[in-house]
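Numbers for residues simply follow the sequence, beginning at 1. Just the heavy atoms: all of them, side chains too, but no hydrogens, waters or symmetry mates, feed the values below.
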Amino acid sequence: MSAATATKAPTTSTASITPVVVRLKLSLLRNGLRQSAGRRAVYVASLVIVLLFAALQLIGLIALRGNTYAMTVTVLLTTVLALGWAVMPLFFSGGDETLDPTRLVMLPLRPQPLVRALLVASLVGIGPLFTLCLLVGSVIAMAHGAAAYVTGVVAVVLALLVCVALARTVAAANTRLLTSRKGRDLAVLSGLVIAVGAQVVNFGAQKLNSSGMSTLDPAADVIRWVPPASALGAVDSVSEGSYAVGLAQLALSGVALAVLLAFWQRSLTRLMTSPDGSTLQAAEPSRDKAGRSSGLGRLLPAGRTGTVMERSLRYVWRDPKTKAAWVTSLAIGLIVPVFNALQGTGSIYFACFAAGMLGIQMYNQFGQDTSAFWTVAMTISSTRDAYVELRARALALLVITLPYAALVCVLTTALLGDWRSLPEVFGLSFALLGAMLATGAWSSARFPYSIPQESYKSVAPGQASLAGFSIFGGMIAAALLCAPVITLTIWLNVSSDGDSWTWLLLPIGTAYGAAIALAGLHLSAPRTARQLPEILAAVSKG
């Protein structure tokens with residue numbers, strides 16, 4: 001009896017891992033929301049927005065029922081969802097400790113039950129719910145007959161599991177890569193690829209509007225055999241009476257899920273049993289870096305301002321995540337206006353995109369310091385100190401942003417040949433940049449969040465909604481702050497004799513941007529000085 005009990009005990013223990021991990025994730029989420037009423041409000045607002053968008057997508061997919069292109073749309077939509085699941089966890093905010101395997105290294109867990117537990121825990125969240133709504137809508141759009149609906153139930157489960165398993169497999173395979181200094185630098189290239197890919201999709205959509213949905217049919221006929229889209233393709237095949245074809249397509253998704261789980265388990269085993277050699281730095285002979293430091297320091301103002309600017313610029317160059325964010329913003333800020341201009345569909349005002357993308361870097365300034373922010377907090381003892389700190393960070397951002405925004409404006413103007421509009425575009429760009437510096441400084445003090453350095457995540461657990469609200473809410477506020485300059489631009493363009501006065505938008509926009517930025521820094525400084533302990537606790541969470 002004792003021998004039987006001894007052999008049965010491990011089975012019971014491994015079987016209990018899944019509910020424990022799920023409860024752990026729910027507890028982490030609940031405890032994160034308990035920290036403040038503001039965080040709960042942000043999370044609820046994000047949840048409502050996502051669910052509203054999912055409901056609209058669901059209604060739109062149901063409306064496709066009986067449409068000739070229902071299969072084409074749903075299959076391609078599933079493919080886009082899978083790509084999003086594979087890419088987004090690496091470069092955008094999300095995740096929690098239960099999905100980071102390095103948190104579980106010291107626990108006596110076997111890989112197979114751990115993979116099963118993490119897979120089930122991954123199904124808890126806003127992202128899986130959103131994906132489920134789209135998959136259900138896709139099945140309703142295509143299914144005709146009882147057999148097709150039964151197939152659809154299996155297809156939804158398979159497609160959802162493949163998406164989640166794909167995300168976790170990619171994340172586990174790249175955890176060590178992204179936590180090593182040289183490896184995380186590869187995220188810069190990946191961010192650039194994402195930026196370019198997004199624009200390729202944008203231009204593809206423009207071509208689609210001009211040529212019609214029929215151009216996508218050949219691609220859909222191929223993609224319907226690629227998991228997880230093949231699971232949705234099976235619903236269409238069964239609806240048409242091709243049961244063998246549908247079964248084969250479901251089998252493809254099942255095989256893909258099995259392969260992903262096997263690869264995930266293998267990566268998990270290697271990650272949790274192998275030494276982390278990727279983070280070991282070989283001893284290097286000491287080098288005198290004073291010359292290089294003093295060379296940069298000579299170009300910057302003296303005192304605290306120059307010191308803070310130098311530190312911020314070195315973060316941009318040395319910190320992999322900061323560098324990835326900057327390179328992605330630089331790429332998108334150039335690609336959007338230039339590609340649209342080359343396509344002949346662009347507007348001169350797209351040049352403002354460069355200032356907008358780089359202005360985002362002003363948000364969450366203290367979170368970029370992570371737990372090292374305590375060294376900065378020790379030097380802030382008054383509102384004046386906080387103001388100088390924020391001003392220096394804004395000046396460091398302007399060192400890169402101002403010439404870059406000007407370059408994009410000139411290049412876009414040259415491609416479109418609309419030199420008359422160059423002064424007003426400059427004015428709008430500088431006004432937008434000033435507004436984003438203002439809202440970014442205030443948001444950094446009001447909604448700080450942590451950026452973990454030891455994993456692939458971009459925000460600490462429980463702070464994803466806070467980060468989204470901070471950035472997108474700040475962008476909306478910046479747009480509202482630019483309303484006077486935008487209104488003046490519109491009035492001068494529609495006025496009969498306004499063309500001769502549009503050059504005034506350059507000095508007006510520049511002065512307005514500088515004034516609004518200084519006002520934002522002055523308003524943010526007192527709050528920063530008062531809430532240093534809260535800011536330090538928030539940015540040190542990860």
Side chains of Ser230 and Leu250: does their closest heavy-atom pair fall under 4.5 Å? no
CG of Leu433 to CE of Met362, rounded to nearest 0.5 Å, is 10.0 Å
Heavy atoms of Ser239 and Met142 approach each other most closely as OG-O, 3.2 Å
Under a plain distance cut-off of 3.5 Å, with no hydrogens placed, do Ser237 and Arg224 share a side-chain donor-acceptor pair?
yes
ask   = Just wondering, more than 12 heavy atoms not from Gln112 lying within 6.0 Å of its CD?
value = no
Indicate yes or no: at least one non-hydrogen side-chain atom of Leu61 is less than 4.5 angstrom from one of Ile140. no
Shortest non-hydrogen pair, Pro448 vs Asn364, comes out as CA-OD1, 3.8 Å
| query | Does the side chain of Arg30 come under 3.5 Å of the side chain of Ser27 through a donor N or O and an acceptor N or O? | reply | yes
Taken to the nearest 0.5 Å, the spacing of Leu134 CG from Thr74 OG1 works out to 10.5 Å
Is it the case that more than 12 heavy atoms not belonging to Phe263 sit under 6.0 Å from its CZ atom? no
Rounded to the nearest 0.5 angstrom, the CG-CG distance for Leu257 and Leu166 is 10.5 Å
- Message: Is the shortest side-chain heavy-atom distance between Gln361 and Ser329 below 4.5 Å?
- Response: yes
So CG of Leu118 and CD of Gln265: to nearest 0.5 Å the spacing works out to 11.5 Å
request  = I would like to know whether Arg446 and Thr439 meet side chain to side chain contact (heavy atoms under 4.5 Å, CB included); could you show each step before the answer?
outcome  = CA-CA 10 Å; Arg446 180 63 180 83; Thr439 57; over 6 Å; no
Checking Leu81, Val136, Thr131 against Leu160 for side chain to side chain contact (heavy atoms under 4.5 Å, CB included), the one that qualifies is Thr131
Closest non-hydrogen atoms of Ser347 and Thr412, given as atom of the first, atom of the second and distance, are O-CG2, 4.2 Å
* List the steps and the verdict of side chain to side chain contact (heavy atoms under 4.5 Å, CB included) for Tyr315 and Asp369. => CA-CA 9 Å; Tyr315 276 166; Asp369 298 347; 2.9 Å; yes
Is the centre of the Phe53 ring less than 6.0 Å from the centre of the Phe130 ring?
yes
One should read off an interatomic distance between Leu123 CG and Leu129 CG, to the nearest 0.5 angstrom, of 11.0 Å
To the nearest 0.5 Å, atom CD1 of Ile360 lies from atom CE of Met475 at 4.5 Å
Residue pair Tyr149 / His144, side-chain heavy-atom distance below 4.5 Å: no
